[in-house]
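Predicted model, so just to flag it, every value in this text is computed and none were measured.
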Amino acid sequence: MAKNTICVWYDKDAEAAARFYAETFPDSAVGAVIRAPGNYPSGQQGDVLVVEFTVAGIPCIGLNGGSAFKHNEAFSFQIATDDQEETDRYWNAIVGNGGRESDCGWCKDKWGVSWQITPRVLTEALAAGGDQAKRAFDAMMTMQKIDVGVIEAARRG
């Protein structure tokens, strides 16, 4: 396990989530699946307790901790995309697998984890500042899934 690891709390589906992420994103994998050595408040001995996984190169663990805590947008995975095809692929994988759309490139997977599917052209436009940043920002504010062509056109004015 890495020295610094992101811990993501799940009700009971950490392994299913980790497997979905590993199938969806490059440089992702499922590692150790650790089972509970005894009963605990939201599970029993032998249930999957912790799953080690990597999402796009970031080490994580999924903890099956029960329903005490829920995900919200205060935590999200941000995936940088190179073009519309890649943006569509990730967005559609998350939303099409029981997730839901939100605004400005955000969506949630079926476990409630938030994702930002962010084309690099948007990040670059915002970082450039000035009028092109304002135009790209204004365009983004009208979108759910980011439309790369619209952002590129907004940058140009």
Side-chain angles (χ1 to χ4, degrees), residues 1-127 136-137 139-148 151:
M1 180 183 293
K3 188 168 191 77
N4 184 13
T5 303
I6 295 170
C7 179
V8 184
W9 185 289
Y10 294 88
D11 185 357
K12 62 182 182 300
D13 294 328
E15 185 175 9
R19 293 198 185 286
F20 171 73
Y21 306 151
E23 292 169 3
T24 303
F25 300 101
D27 196 20
S28 300
V30 177
V33 176
I34 301 165
R35 298 189 174 275
N39 294 341
Y40 60 107
S42 60
Q44 300 178 6
Q45 180 178 352
D47 288 352
V48 173
L49 182 63
V50 173
V51 178
E52 295 177 6
F53 62 99
T54 303
V55 175
I58 303 297
C60 304
I61 61 169
L63 171 67
N64 283 331
S67 61
F69 299 109
K70 300 294 181 203
H71 297 284
N72 65 49
E73 289 77 6
F75 171 84
S76 63
F77 286 104
Q78 185 177 57
I79 303 294
T81 59
D82 293 324
D83 54 32
Q84 192 66 54
E85 180 184 352
E86 188 178 24
T87 301
D88 292 348
R89 183 172 60 249
Y90 297 144
W91 182 274
N92 294 339
I94 291 168
V95 172
N97 188 46
R100 64 183 186 273
E101 297 180 334
S102 190
D103 295 326
C104 303
W106 291 64
C107 55
K108 284 190 177 189
D109 65 28
K110 72 178 183 179
W111 300 280
V113 176
S114 291
W115 294 82
Q116 298 176 62
I117 308 302
T118 309
R120 293 181 198 281
V121 67
L122 174 60
T123 306
E124 292 163 1
L126 296 174
F137 179 80
M140 176 203 65
M141 293 300 291
T142 68
M143 299 176 189
Q144 288 186 309
K145 178 176 62 177
I146 302 300
D147 184 319
V148 171
I151 297 298

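Residues Thr5 and Ile61 come closest through the heavy atom pair CG2-N, 3.6 Å. Across all non-hydrogen atoms, the minimal contact from Met140 to Cys104 is O-SG, 3.9 Å. Pro119 and Thr87 make their closest contact through CG-OG1, 3.5 Å (heavy atoms, listed as atom of the first residue, atom of the second, distance). When all heavy atoms are compared, the tightest approach of Val95 to Cys107 is CG2-CB, 3.9 Å. Shown here for Leu63 and Cys7, the closest heavy-atom pair between the two residues is CB-SG, 4.0 Å.
For Phe25, the ring pair (Phe, Tyr, Trp, His ring centres under 6.0 Å) test picks out Tyr90, Trp115, with sequence neighbours left out.
In this structure the side chain of Phe53 never reaches within 4.5 angstrom of the side chain of Glu15, judged on heavy atoms. Here the side chains of Met143 and Asp103 are not in contact, with every heavy-atom distance at 4.5 Å or above. With a 4.5 Å cut-off on side-chain heavy atoms, Asp82 and Arg120 count as touching. Taking 4.5 Å as the limit, every side-chain heavy atom of Ile117 sits out of range of all side-chain heavy atoms of Phe77.
Between the Gln84 side chain and the Val148 main chain, a donor and an acceptor come within less than 3.5 Å of each other. Using a distance-only test at 3.5 Å, with no hydrogens or angles considered, a donor-acceptor pair links the side chain of His71 to the main chain of Trp9. With Asp47 contributing its side chain and Gly43 its backbone, the two residues share no donor-acceptor pair below 3.5 Å. Panel note: side chain Ser28, backbone Ala56; a donor-acceptor pair is recorded below 3.5 Å. Asp109 contributes a side-chain N or O that, together with a main-chain N or O of Val113, makes up a donor-acceptor pair within less than 3.5 Å. Using a distance-only test at 3.5 Å, with no hydrogens or angles considered, a donor-acceptor pair links the side chain of Asn64 to the main chain of Val48.
Using bins of under 30°, 30° to 60° and over 60° for the plane-to-plane angle, the ring pair Tyr21/Tyr10 lands in the tilted bin.
Taking the charged nitrogens against the carboxylate oxygens, Arg19 and Glu23 have no contact shorter than 4.0 Å, which rules out a salt bridge. A salt bridge does not link Lys108 to Glu101: none of the charged side-chain nitrogens sits closer than 4.0 Å to a carboxylate oxygen.
With values rounded to the nearest 0.5 angstrom, Ile58 atom CD1 is found 9.5 Å from Asn4 atom CG.
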### Query
Under the side-chain contact (heavy atoms from CB on, under 4.5 Å) criterion, do Ile151 and Ile146 qualify, and how do the steps go?
CA-CA 8 Å; Ile151 297 298; Ile146 302 300; 3.8 Å; yes
### Query
What's the verdict on side-chain contact (heavy atoms from CB on, under 4.5 Å) for Thr81 and Arg89, showing C-alpha distance, side-chain angles and the deciding distance?
CA-CA 10 Å; Thr81 59; Arg89 183 172 60 249; over 6 Å; no
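A donor and an acceptor atom, one from each side chain of Ser114 and Ser76, are nowhere located under 3.5 Å apart.
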